[in-house]
Amino acid sequence: LEVSVESMLEAICAIHMSSYVDSPVKDRGGLMLVGPPGVLKTSFLDVLEDNYHNAISASNLNTTTLLKMQQQFHAGTMRSLILPDVQAIYAGDPRTSSRLEQALMQLAGEGNRGASWQDARHQRFKSRCTIFGALTIKHYEKMAPAWEDSGFLRRFLWSAYTLADPDILMDAIEDWRR
C-alpha cells in the first residue's frame, strides 16, 4: 500500500486529535512508526510538537520526568507524548526500562496513577495520553515477543514503512533542498 506524505501527516494529527472525541472508551493508545534509519520517522512526529501546544517530545524519558508530566496529562493540557527514539528507553538498566514501559502502557491504556514508590492513598486521579514513537525495524523485531507477552503491542497502532524512493533524502542533500 502506497501512502503519501500528506496522508501520513494527516493520520498522525488525527490520532493526536482523537482524544477530544467523547467516547465510552477512555484508552488513548497511540502510533509507533517502524522503519529503517533515514525514512523520516522523527520528522513525521515533529509535526505534532510543531503544530500543537499540547504535544510534547521527550527524547530522554525516565520515570521521574514522566511523573512530572502526570498532572498535565490528567488535566488535558498535555494530550500526546512523543518518543522520537523508543530504543533510548532500553539503553540503561533493564529494571528502569521495564518500569517506564509499564508506565507508558498505563498512560495509553487504563490510566497511570503514579509510581510504585508513591503513596497509593494519595493517588486519586488517572493520567492518560496518546503515545507516539519512532523505532527501527531491528529494535521492533528484537522487542516484539516480550511486548506481545506484556501487552505493549496491543496498545498501539504499528506502522512499518519505507520510502518509495530510498535515495530521495540523499538527492535532496546533494541539491541543498528540503
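All values derive from a computational prediction rather than experimental measurement.
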Asks: Nearest heavy-atom pair of Arg128 and Asp27: which atoms, and what distance?
Replies: NE-N, 4.3 Å
Asks: Can you sort out the partners of Glu10 under side-chain contact (heavy atoms from CB on, under 4.5 Å), two or more places apart, ordered by chain and number?
Replies: none
Asks: Under a 4.5 Å cut-off applied to non-hydrogen side-chain atoms, are Lys138 and Lys142 in contact?
Replies: no
Asks: I want to check something: taking the side chain as every heavy atom from C-beta on, are Ile56 and Leu81 in contact at a cut-off of under 4.5 Å?
Replies: yes
Asks: Are Leu135 and Trp158 packed together at the side-chain level, in the sense that at least one heavy-atom pair is separated by less than 4.5 angstrom?
Replies: yes
Asks: Using the rule that two of Ile, Leu, Val, Met, Phe, Trp, Tyr join whenever any of their side-chain heavy atoms come within less than 4.5 Å, decide whether Met8 and Phe132 are in one cluster.
Replies: yes
Asks: Heavy atoms, side chains only, cut-off 4.5 Å: are Phe44 and Val39 in contact?
Replies: no
Asks: Taking all heavy atoms of Ala55 and all of Ile82, pick out the closest pair and write down the distance.
Replies: CB-CD1, 4.2 Å
Asks: A side-chain contact here means heavy atoms from C-beta on lying under 4.5 Å apart; do Ser127 and Leu107 qualify?
Replies: yes
Asks: Evaluate the side-chain proximity of Leu1 to Tyr161: yes if any heavy-atom separation is below 4.5 Å, no if none is.
Replies: no
Asks: Do Arg155 and Glu110 make a side-chain contact, defined as non-hydrogen atoms from C-beta onward lying under 4.5 Å apart?
Replies: yes
Asks: At their closest point, which heavy atom of Val86 faces which heavy atom of Gly133, and how far apart are they?
Replies: CG2-CA, 3.8 Å
Asks: Would you call Leu61 and Met69 a side-chain contact if the rule is heavy atoms closer than 4.5 Å?
Replies: yes
